Amino acid sequence: MRWTQTLIPTLRESPSDAEILSHQLLLRAGIIRKLAAGLYNFMPLGIRSLHKIQKIIREEMDRSGALEILMPALQPPEIWQASGRYEAAADTLFKVNDHSKREWVLGPTHEEVVSTLAAGEINSYRQLPINLYQIQTKFRDEIRPRFGLMRAREFIMKDAYSFDKDDVASMSSYRKMYDTYVRIFRRCGLKAFPVEADAGVMGGKHTHEFVVPADTGECEIAFCDSCGYAANVEKADSALQKTYSQNEASTELFETPGVKTIESLSKPPYSIPASQQIKTLVFIAEDKPVILLLRGDYQLNEAKLAGLLGTVIFRPATDEEVFNLLKAHVGSLGAVGIKQVPVYADLLLEGATDMVTGANKDGFHIRHVNMSRDIPQAQFVSIRTVKNGESCVKCGKPLSIRNAIEVGQVFKLGTKYSVALGACYSDEKGEQKPCVMGCYGIGVTRTLQAVIEQNFDKDGISWPISVAPYHICVTPLNVAPESEPMKWAERYYAELSSAGIEVLLDDRDERPGVKFKDSELIGIPIRLSIGEKSLAKGVVELKRRNGELVALKPEDAVAEAIKWVQEELNKLS
RNA sequence: CGGGGCGUAGCUCAGCCUGGCAGAGCGCUUGCUUUGGGAGCAAGAAGUCGAGAGUUCGAAUCUCUCCGUCCCGACCA
C-alpha cells in the first residue's frame with residue numbers, strides 16, 4: 001500500500017479526551033476515531049490489525065475443533081426472561097423497539113441464543129461434544145464507558161460455547177479452550193496469563209481470566225512471583241498470618257464518646273491498632289440480616305460474600321435496620337452475645353484474643369475480646385480482600401497485587417442455561433439430559449488495545465509483527481519519480497510484495513523527520529529507508545522498530561528484509 | 001446515579017475574572033526556498049464561541065436550563 005493512497009491520519013498532539021497512553025496512541029496513530037463515548041470507527045490501519053487478531057483466533061479455535069457460526073446481535077427478550085437475566089442484567093442490556101413498538105434486546109453475550117439454537121439442533125449424545133463460536137459485535141450499556149476500546153458500549157468479541165454430556169467431558173472442553181487461549185495470546189505477542197477468577201452473575205463455578213498486567217487495567221490481581229499462583233483479588237486467598245497475644249483478661253466495657261470509625265479508635269487517646277479491632281458489618285441478604293466480622297485493617301470482599309451466601313442479592317443494612325437489630329448505631333457495633341443473627345467471621349479472626357469491638361451501645365466499646373470465648377457462635381469463612389504482601393496460599397512467599405487488563409475468560413457453566421432453555425440430548429439409554437455447557441470469551445477490540453498497552457515507547461507503538469498492520473515500511477527520502485531513492489523504493493515495493501510481505505510505501509513528499517516520526521508512531525516493525533546520502537555511500541538502511549540501523553548494499557536489501565520478517569513471524573508462530 | 005473538570009477553526013489551546021472588531025500554534029491550500037529526525041519565508045481558506053432562554057444599548061464573556069465529553073466514585077456477564 002502506498003501511504004498517499006490510504007488514510008493514516010496521524011496526530012502530533014494527542015486529543016484531550018484521551019487519558020491513558022494506549023488510548024492516546026490509538027488516536028495519534030490514526031487507528032481509531034471516536035464517534036461518541038464508547039463508540040469508535042476503525043481506520044484502515046486499525047482494521048488491518050483487528051483482522052490479524054481475528055485470523056489468529058480463528059486459526060486456533062478451528063485447530064481446537066470448534067465450529068464457527070454467526071448469531072444475531074438483535075435478540076428477542078423472551079429468551080432473556082427465560083434465563084432470568086432479563087432482570088439480572090437489566091442495567092447493561094440495550095433495548096430497542098421496532099415499528100410496532102415490540103421490544104428487542106441488543107446482545108451483550110449469547111448464552112441464551114446459543115442454548116436456544118442447541119435446543120433445536122442437538123438431540124443425541126452422538127453429536128457431543130460440540131463447541132460453537134463466533135466473532136461478533138456486542139452491545140453493553142456500560143454505566144461508564146472509558147479508556148477507548150477498553151470499556152466500550154459496542155465492541156467485538158469472540159465468544160465460544162461448549163456442549164458436553166457430563167461434567168468430566170465438560171472439564172475436558174474447558175481445558176482445551178484454556179490451552180487454546182494460551183496459544184492465541186502468545187501468537188498476538190501478548191504476555192497474558194491465566195488467573196483464578198470469580199464467576200459472578202454468570203453462575204459458573206470453575207473459571208479463569210486471562211489478564212495482561214498493566215497499570216491502567218481495571219481489575220486487581222494477586223500474584224506470587226515465586227510459585228506462579230495468580231488470582232483475581234475477588235477470589236484470591238492468602239496464608240494466614242496470625243500474631244495474637246495470649247492475653248486471657250476478661251472483657252471490659254469502656255467509654256469511647258464520638259468514636260465511630262476504626263481509624264479514630266486507632267488514634268490517641270485510644271491508640272488501638274486496626275489489626276487489633278474487629279470490624280462489624282451488617283448486611284441484608286435476601287431480606288435476612290447477617291453479621292460479618294473482619295479484622296479492622298481488612299476490607300470485605302463482596303464476591304466472596306456472594307459465594308458464601310449463595311446469592312448476589314445482598315446489600316449493607318440501612319442505619320434504621322442496624323439500630324432495630326442491635327440497638328446501636330454504625331460505629332459501635334459488635335457481635336458479642338448476639339444469638340439471633342448468623343455471624344460469619346473472617347478466617348483471620350479465628351483464635352484472635354485481646355481484640356476491641358463495639359459494645360452495641362453508642363459511645364462504648366469492649367476490650368479484651370477473645371473470639372472463641374466471647375463470640376463462640378461465629379462461623380469462620382474467607383470474606384476478606386487479600387492485601388499486598390500477604391503470604392501466598394501455595395508457597396508462603398509474599399503476594400503482590402497489581403492491576404491488569406482482562407482480555408479473556410473461560411467459564412465452566414454447568415446446566416443453568418441448558419435447563420432454562422431446553423438444550424437437552426438423549427443419552428445412550430434414551431434418557432433426556434441437559435447439556436453441560438462452558439463459555440469462553442475474548443475481547444477482540446480490547447485485546448488490540450492491550451497489545452499497545454504492552455508494546456510502546458516514547459516514540460509510539462511497537463507492534464508485534466503478528467498483529468502489525470504492515471510488516472515493513474519502505475521509506476524513500478526523495479519521492480521524485482526519477483530520483484534514485486524512489487527508483488529503489490519502487491523496486492523494493494514490487495519485489496517484497498510479490499514475496500508475500502505486507503509493505504507500506506511512504507511515498508509522501510515529506511521531510512525525512514516527518515516520515516521517521518510517523519513510521520515509529522504507527523509502529524511498523526521494520527523500516528527500510530533509502531536516502532541519497534546513504535546511496536552515495538553505496539548502502540540502504542534496514543532497521544527494526546526497536547533495533548539498530550543496519551547498512552546493506554541496495555541489491556541485498558530485499559533478501560535481508562524477507563529474512564527479518566520471517567524471523568519476527570517465527571518468534572510468534 | 002453522586003462529585004469534579006472541560007466545551008472557542010480539523011487538533012492543542014488563549015481570550016471569560018473586569019461585557020465592547022473572533023485569536024495563537026500545529027494541520028490544510030498556493031508560491032518560493034530547503035531536503036537524513038515533526039524546516040523557513042510569504043499569501044490564503046477555515047468559526048452557529050455546545051444548544052436554548054434571560055440580563056444588557058451591546059454577551060464567547062454575566063445568570064438559568066439543557067446537552068455533550070473527560071476524570072473520581074458506585075457498577076462491571
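Bear in mind that the values here come from a model prediction, so they are computed numbers and not experimental data. Naming convention: chains lettered A, B, ... in sequence-line order (proteins, then strands); numbering from 1 in each chain. Worth knowing before you read on, the calculation uses all heavy atoms, side chains too, and leaves out hydrogens, waters and symmetry mates.
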Which value, in whole Å, describes the distance between the C1' atoms of nucleotides B:U8 and B:A22?
9 Å
Tell me the salt bridge (Lys or Arg N to Asp or Glu O under 4.0 Å) pairs involving residues 475-491 of chain A, sequence neighbours left out?
A:R2-A:E490, A:E484-A:K487, A:R491-A:E495
Length of the line joining A:R151:CZ and B:C75:P, which is rounded to integer Å:
12 Å
Is there a Watson-Crick or G-U wobble partner for B:G31 with both distances under 3.5 Å, and which nucleotide is it?
B:C41
Whole-angstrom distance between B:A43 and B:G20, as gauged at atom P
29 Å
Rounding to the closest angstrom, what is the interatomic distance between B:A14 and B:G52 at atom C1'?
27 Å
Does anything in residues 453-463 of chain A form a salt bridge (Lys or Arg N to Asp or Glu O under 4.0 Å)? List the pairs, not counting sequence neighbours.
A:D457-A:R545
Sequence-distant partners of A:D215, side chain to side chain contact (heavy atoms under 4.5 Å, CB included), two or more places apart
none
A:V436 meets the side chain to side chain contact (heavy atoms under 4.5 Å, CB included) criterion, sequence neighbours left out, with A:D167, A:S170, A:T415
Residue pairs, two or more places apart or on separate chains, that pass salt bridge (Lys or Arg N to Asp or Glu O under 4.0 Å) and touch residues 438-448 of chain A
none
Pick out the pairs of N or O atoms, protein on one side and nucleotides 68-73 of chain B on the other, that lie under 3.5 Å.
from: B:U69; atom 1: OP1; to: A:A37; atom 2: N; distance (Å): 3.0
from: B:U69; atom 1: O3'; to: A:K34; atom 2: NZ; distance (Å): 3.0
from: B:C72; atom 1: OP2; to: A:R144; atom 2: NH1; distance (Å): 3.4
from: B:C72; atom 1: OP2; to: A:R144; atom 2: NH2; distance (Å): 2.2
from: B:C72; atom 1: OP2; to: A:R146; atom 2: NH1; distance (Å): 3.1

Contact string for nucleotides 31-38 of chain B, one letter per nucleotide 5' to 3', B = base within protein heavy-atom range under 4.0 Å, S = sugar-phosphate only, - = neither, reads ---B-BBB
For A:K543, salt bridge (Lys or Arg N to Asp or Glu O under 4.0 Å) partners two or more places apart:
none
Considering Watson-Crick and G-U wobble pairs with both distances under 3.5 Å, what does B:C49 pair with?
none
Now, which nucleotide makes the Watson-Crick or G-U wobble pair with B:U61, with each of the two distances under 3.5 Å?
none
Could you work out, with side chain to side chain contact (heavy atoms under 4.5 Å, CB included) as the rule, every residue matching A:P554, not counting sequence neighbours?
A:W488, A:Y492, A:L535, A:V540
Is the backbone of A:M71 close enough, under 3.5 Å, to the side chain of A:Q134 for a donor and an acceptor to pair up by distance?
yes
G-U wobble or Watson-Crick pairing nucleotide for B:U55 (cut-off 3.5 Å, both distances):
none
Looking across every strand, which nucleic acid part, if any, lies under 4.0 Å from A:P15 by heavy atom: base, sugar-phosphate, or nothing?
sugar-phosphate
Whole-Å P distance, B:U65 and B:G4
14 Å
Could you tell me whether a side-chain N or O of A:Y417 sits under 3.5 Å from a main-chain N or O of A:V113, the two making a donor and an acceptor?
no
